[in-house]
Amino acid sequence: MDRRQIIVTKQDHSDDIPKLHEAFKQRFRIGAAVNPITLDTQSELLKHHFNNITAENEMKFESLQPVEGKYTFAVADRLVDFAATNGMGVRGHTLVWHNQTPKWMFENRDGSAVDRETLLARMQAHIETVVSRYKGIIYAWDVVNEAVSDNSGELLRPSKWLDIAGEDFIASAFEFAHAADPKALLFYNDYNESVPEKREKIYTLVRSLKEKGAPIHGVGLQAHWNLEHPTIDEIRQAIERYASLGMKLHITELDVSVFQFEDRRTDLTEPTDEMLARQAERYQQFFQLFKEYSEHIHSVTFWGAADDYTWLDHFPVRGRKNWPFLFDEKHRPKQSFWDVIDTARS
Ligand code: GLA
């Protein structure tokens, strides 16, 4: 066996590799988004490195109540069972969102728009049923996802929720969730959370929810980041701004794309050495920051686990592979992983 083979064998044998969640156990949980396929294909990796999971899609509205009153919990239950068997926690994602919500929610039988009372009653029924089912199991829920607008000068995103129910739909969702499980931690979750203009809108929304007395406990920073954006300074400011409202912070959907959002190149079959080096540097800086603010940050969830499966393989360029995680396509630790482990130990 030459040296290279020895190294590869060692990396494949995960018992020799430090567990990511153990490395950070004094500070925050380490989570991964999963789906029924990755629960099988990434099972060993998940059990070794993660102590928390989130359903990538299986707890979204369209998955749990595709038809009014017909709840489909089988797949979500399987995820919850996997977590229980392996001693992991579960973050719930997500109760109210403009996407992946079936049309029936907003319509009467004749296709016309429902009135406010009907929409809020349907929302309440959904939240009560779902949150009660996992009461005491799911310790934190993303109650409302992505309600803030990316457009300049506009606070809330135009949506059917907003059109029909008005801005109070957000506070109502938190109230319904709190009534169903008073112990669950309730989060507002969004992306571009570290972009200064959007950060201020999220801050304004969360502050107004608090002022109204809505039972909100935290802000979820999705953290779909890349090799250059956002800057460490922008992330730091976002953390401080949200924490100043007394909110708990969860990093909810972390991945580090090797492409800038505007970059449409499609020529790569593997990441370049420069990309991997920069990615490792970024991950190290992020975890340094998370550690520094661990008084506020209680959970760090990746939006996946290893480079063999990521939603970024299709977004924003269809069919283009991306390599956003700490583990490669064969689940071997990347330089990013070792640098993050160093951060935990330093
Ligand atoms: C958003 C949602 C997630 C997921 C990602 C893309 O961030 O919150 O549920 O859909 O987009 O995978």
Side-chain angles (χ1 to χ4, degrees), residues 31-39 42 52-66 75-76 79-80 90-102 105 126-127 130 134 138 140-150 156-157 159 161 169-170 173-174 177 185-195 198-199 201-202 205-206 216 218-226 229-230 235 238 242 249-259 261 286 299-325:
V34 300
N35 63 47
I37 297 172
T38 59
L39 270 197
Q42 300 182 334
N52 214 79
I53 57 169
T54 301
E56 186 187 16
N57 289 301
E58 293 66 24
M59 292 188 188
K60 290 175 179 170
F61 206 116
E62 69 176 8
S63 304
L64 293 184
Q65 201 188 168
V75 189
L79 266 51
V80 168
V90 184
R91 280 196 94 256
H93 176 83
T94 180
L95 298 169
V96 172
W97 191 25
H98 64 280
N99 255 330
Q100 292 180 254
T101 304
M105 183 71 186
H126 182 82
I127 291 179
V130 172
Y134 301 117
I138 292 188
W141 271 103
D142 291 331
V143 176
V144 176
N145 199 32
E146 304 179 351
V148 166
S149 174
D150 289 302
L156 295 180
R157 169 193 300 280
S159 72
W161 291 109
F169 83 89
I170 302 174
F174 280 91
L185 297 174
L186 306 181
F187 282 74
Y188 173 74
N189 190 48
D190 215 330
Y191 66 93
N192 282 349
E193 73 301 311
S194 302
V195 173
K198 182 126 173 230
R199 177 196 76 212
K201 293 189 216 175
I202 296 172
L205 170 66
V206 173
I216 176 169
V219 176
L221 294 83
Q222 287 192 5
H224 292 293
W225 296 336
N226 66 40
H229 296 287
I235 300 169
Y242 302 141
L249 307 182
H250 283 185
I251 306 298
T252 54
E253 304 186 16
L254 178 60
D255 46 29
V256 181
S257 169
V258 300
F259 301 106
F261 191 78
F286 298 154
S299 166
V300 176
T301 291
F302 292 80
W303 205 243
D307 288 346
D308 53 315
Y309 174 76
T310 163
W311 73 292
L312 291 169
D313 286 349
H314 308 287
F315 183 83
V317 176
R318 270 192 140 207
R320 179 183 66 184
K321 180 94 197 99
N322 208 320
W323 300 273
F325 296 121

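One-based numbering, in listed order, for ligands and for the atoms of each. Only a predicted model underlies this, so the values are computations on that prediction, with no experimental measurement involved. These numbers come from the heavy atoms of this one structure, side chains and all, not from hydrogens, waters or symmetry mates.
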Novice: Heavy-atom contacts with E146 under 4.0 Å: which atoms of ligand 1 show up? List them by number with element.
Specialist: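 Here the atoms of ligand 1 in question are 1 (C), 2 (C), 7 (O), 8 (O).
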Novice: For the residue pair N189 / T252, report whether a side-chain donor-acceptor contact shorter than 3.5 Å exists.
Specialist: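 Looking only at side-chain atoms, N189 and T252 do form a donor-acceptor pair, the distance falling under 3.5 Å.
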Novice: Give me the one residue out of F302, W311, Y191 that meets ring pair (Phe, Tyr, Trp, His ring centres under 6.0 Å) with H224.
Specialist: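 Considering F302, W311, Y191, a ring pair (Phe, Tyr, Trp, His ring centres under 6.0 Å) with H224 is found only for W311.
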Novice: Is the closest side-chain heavy-atom distance between N322 and V258 below 4.5 Å?
Specialist: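 The answer is yes, as the side chains (C-beta and beyond) meet within the 4.5 Å cut-off.
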Novice: Would you check whether N145 has a nitrogen or oxygen atom less than 3.5 angstrom from a nitrogen or oxygen atom of ligand 1?
Specialist: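 Yes; the residue has a nitrogen or oxygen that sits under 3.5 Å from a nitrogen or oxygen of the ligand.
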Novice: Is it the side chain, the backbone, both or neither of T94 that has a heavy atom closer than 4.0 Å to ligand 1?
Specialist: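 Looking at T94 and ligand 1, no heavy atom falls under 4.0 Å.
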Novice: Distance under 4.0 Å to a non-hydrogen atom of K60: what atoms of ligand 1 satisfy this?
Specialist: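 Reading through ligand 1 atom by atom, the close ones are 3 (C), 4 (C), 9 (O), 10 (O).
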Novice: For atom 6 (C) of ligand 1, which protein heavy atom lies nearest, and how many Å away is it?
Specialist: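 The answer is W311 CE3, 3.3 Å.
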Novice: Run the numbers for me: atoms of ligand 1, each under 4.0 Å from some heavy atom of W97, listed by number.
Specialist: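 Reading through ligand 1 atom by atom, the close ones are 2 (C), 10 (O).
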Novice: Would Q222 count as being in polar contact with ligand 1, using the rule that some N or O on each side must be under 3.5 angstrom apart?
Specialist: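 By distance alone, the answer is yes.
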Novice: Would you call the rings of F61 and H126 parallel, tilted or perpendicular if under 30° counts as parallel and over 60° as perpendicular?
Specialist: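 Taking H126 first and then F61, their aromatic rings lie parallel (interplane angle under 30°).
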Novice: Provide the number and element of each atom of ligand 1 under 4.0 Å from a heavy atom of H224.
Specialist: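 It comes down to these atoms of ligand 1: 7 (O).
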Novice: Suppose I only count heavy atoms of H93 and a 4.0 Å limit; which atoms of ligand 1 are within that range?
Specialist: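 Every atom of ligand 1 under 4.0 Å from some heavy atom of H93: 2 (C), 3 (C), 8 (O), 9 (O).
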Novice: Once salt bridge (charged side-chain N to carboxylate O under 4.0 Å, His left out) is applied, do any residues pair with R91, and if so which ones, sequence neighbours excluded?
Specialist: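 Counting only residues at least two positions away or on another chain, R91 forms a salt bridge (charged side-chain N to carboxylate O under 4.0 Å, His left out) with D142.
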Novice: Is it the side chain, the backbone, both or neither of Y191 that has a heavy atom closer than 4.0 Å to ligand 1?
Specialist: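 The answer is neither; Y191 stays 4.0 Å or more away.
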Novice: Does the side chain of S63 pick up a donor-acceptor pair with the side chain of N57 at under 3.5 Å?
Specialist: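 Short answer, no.
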Novice: Within the 4.5 Å heavy-atom criterion, are L312 and F259 side-chain neighbours or not?
Specialist: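 In short, these two side chains do not touch, never coming nearer than 4.5 Å.
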Novice: State, to 0.1 Å, how close P66 and P102 come at their nearest heavy-atom pair, and which atoms those are.
Specialist: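 Here P66 and P102 meet closest at O-CB, 3.9 Å.
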Novice: Considering non-hydrogen atoms of the protein only, which is the closest contact for atom 7 (O) of ligand 1, and what is the distance?
Specialist: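 Checked against all protein heavy atoms, atom 7 (O) of ligand 1 sits closest to E253 OE1, 2.4 Å.
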